[in-house]
Amino acid sequence: MQNSNFQNFYSIPRENLVHRCREAGLPEVHATTLFRAAYKSLMAEPWKAENLPKVARAKLAYDLDVRLPGATKILVSRYDRSVKFLFELQDGSLVETVLMPERQRITLCVSSQVGCGQACTFCHTGRMGLLRNLDAGEIVGQLVSANMWIANNSDWLGALGLPQKQRVTNIVFMGMGEPLDNVNAVADAITIMTDPFGPGLALRRISVSTAGHLDGLTQLLNLHPDVRIALSLHSPIESERSKIMPINRRWPLGMVLEALREAPTQKNHGILIQYTLINGVNDSLRHAEELVRVTSGLKVKINLIPLNEIDPSRFTSPAATAVEEFRDFLHKSGLRVMVRYSKGQDIAAACGQLVIAETDLALRKTLQ
Ligand code: SAH
């Protein structure tokens, strides 16, 4: 059953299983049964579902690989109970996934690539470079593995005051990688995650964050027009943005914002703007004024994230007063704005900190 040439079950949209049923002359309902077993009951071997007849088991599941990303390390934050998973994929690549509990919600921050090719100068993941894209099964697999962990850790749910049946409710593509640089896999993963017989997440509870990959954005919005978009803006001044975010040279901010202006998701849900505040780089009132100007006419909510310092000789976090002034200016200009302090600081799960450290690689060797 576990030949690695076999197709990974978690990369298959239900539609394709339905097609397999038809080809095998089986009732289509078996596709639903497999989906429910895998995603609702979280069975590690979904073909063992009681209501799946033997013949369907043999014809549908003979070539399915159901291996999931395996957690080689799990860290639980003492401060906010966020959980960082270090997952090992079939080829030995490592990716990070972060579970963030928040009142009634449980948000999972998933990775879409091993490393990242965008090379934003202040981001730790950016320094790894792009090693490879994840496939849809590896993205969906992060969700299934995280849900299995939750199901097996009732004390974690209990300590948060959440019901025992609670599972992940929201997904943010804000882990390692630029999701829109891997748009086909991300779009398939979203199709599976929102399947009512699968994980059943509402599309409006899924946010895809981008540094401004315009081609990918256009493709994704064609397939899932109503998915939420977060834009990592970080500087409203084109020339300055190009210095800290090389992607801006290919797709200038103005072009990206123009595309978003027309998008139904912007009209329905608005756009989340992520703005990492970096001392002396993008935190002046001039930047705040420009930010108001470039976002005018768009329905936006702004998250200000004081920089998590990864290389203080290059970039530092602004003083608390500078953060407040920046926030107050935006607020007075009528924008919805929040200061977000990253979760999981003690377990290096915060924005821009997702990087596979040497120690993790060493740990993996000892586990082998
Ligand atoms: N590539 C996508 C998804 C990553 S989301 C994107 O750029 O949107 C991770 C967020 O954390 C991005 O907004 C990123 O710019 C931000 N970030 C990166 N390094 C950071 C740091 N050191 N401190 C705070 N935020 C950072």
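All residue numbers refer to positions in the sequence shown, counting from 1. In listed order, ligands and their atoms are each counted from 1.
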- Task: Can you sort out which atoms of ligand 1 are near His234, meaning under 4.0 Å from one of its heavy atoms?
- Result: 13 (O), 14 (C), 15 (O)

- Note on the structure: Min over Cys120, Ser232, Pro179 of heavy-atom distance to atom 7 (O) of ligand 1 lands on Ser232

- Task: Please work out whether any backbone atom (N, CA, C, O) or any side-chain heavy atom from C-beta onward of Met174 is under 4.0 Å from ligand 1, and answer side chain, backbone, both or neither.
- Result: both

- Message: As an exercise, identify every atom of ligand 1 less than 4.0 angstrom from a heavy atom of Gln274.
- Response: 13 (O)

- Show which atoms of ligand 1 fall inside a sub-4.0 Å distance from at least one heavy-atom site of Gly177. 1 (N), 2 (C), 3 (C)

Donor-acceptor contacts, no H, no angles, side chain residues 298-307, under 3.5 Å, sequence neighbours left out:
{"unit_1": "Lys299", "atom_1": "NZ", "unit_2": "Lys267", "atom_2": "O", "d": "2.9"}
{"unit_1": "Lys299", "atom_1": "NZ", "unit_2": "Asn268", "atom_2": "O", "d": "3.2"}

- Ignoring hydrogens and geometry, is there a side-chain-to-backbone donor-acceptor pair from Ser111 to Gln113 under 3.5 Å? no

- Note on the structure: Note: ligand 1 atoms sitting under 4.0 Å from heavy atoms of Leu307 are 21 (C), 22 (N), 23 (N)

- Message: Quick check on contacts: which atoms of ligand 1 are under 4.0 angstrom from a heavy atom of Cys123?
- Response: 18 (C), 19 (N)

- Task: Look at the rings of Tyr39 and Tyr10 and say which category their plane angle falls in: under 30° parallel, 30 to 60° tilted, over 60° perpendicular.
- Result: perpendicular

- Would you check if His287 and Ile237 make a side-chain contact, meaning some heavy-atom pair closer than 4.5 Å? yes

- Yes or no on salt bridge (Lys or Arg N to Asp or Glu O under 4.0 Å) for Glu238 and Arg241, after CA distance, side-chain angles and deciding distance? CA-CA 5 Å; Glu238 300 278 8; Arg241 191 171 190 266; 5.8 Å; no

- Under a 4.0 Å N-O cut-off, is there an ion pair linking Arg327 with Glu324? no

- So which bit of Asn308 gets within less than 4.0 Å of ligand 1, heavy atoms only: side chain, backbone, both or neither? both

- Message: Salt bridge check, Arg250 against Glu178: does any charged N sit closer than 4.0 Å to a carboxylate O?
- Response: no

- Query: With atoms numbered from 1 as shown, which atoms in ligand 1 lie under 4.0 angstrom from a non-hydrogen atom of Ala211?
  - Reply: 6 (C), 7 (O), 8 (O)

- Is any side-chain N of the basic residue among Arg293 and Glu290 closer than 4.0 Å to the acidic one's carboxylate O? yes

- Give the contacting part of Gln118 toward ligand 1: side chain, backbone, both or neither, where contact means a heavy-atom distance below 4.0 Å. neither

- Query: How does Thr210 reach ligand 1, by side chain, by backbone, by both or by neither, if only non-hydrogen atoms under 4.0 Å count?
  - Reply: backbone

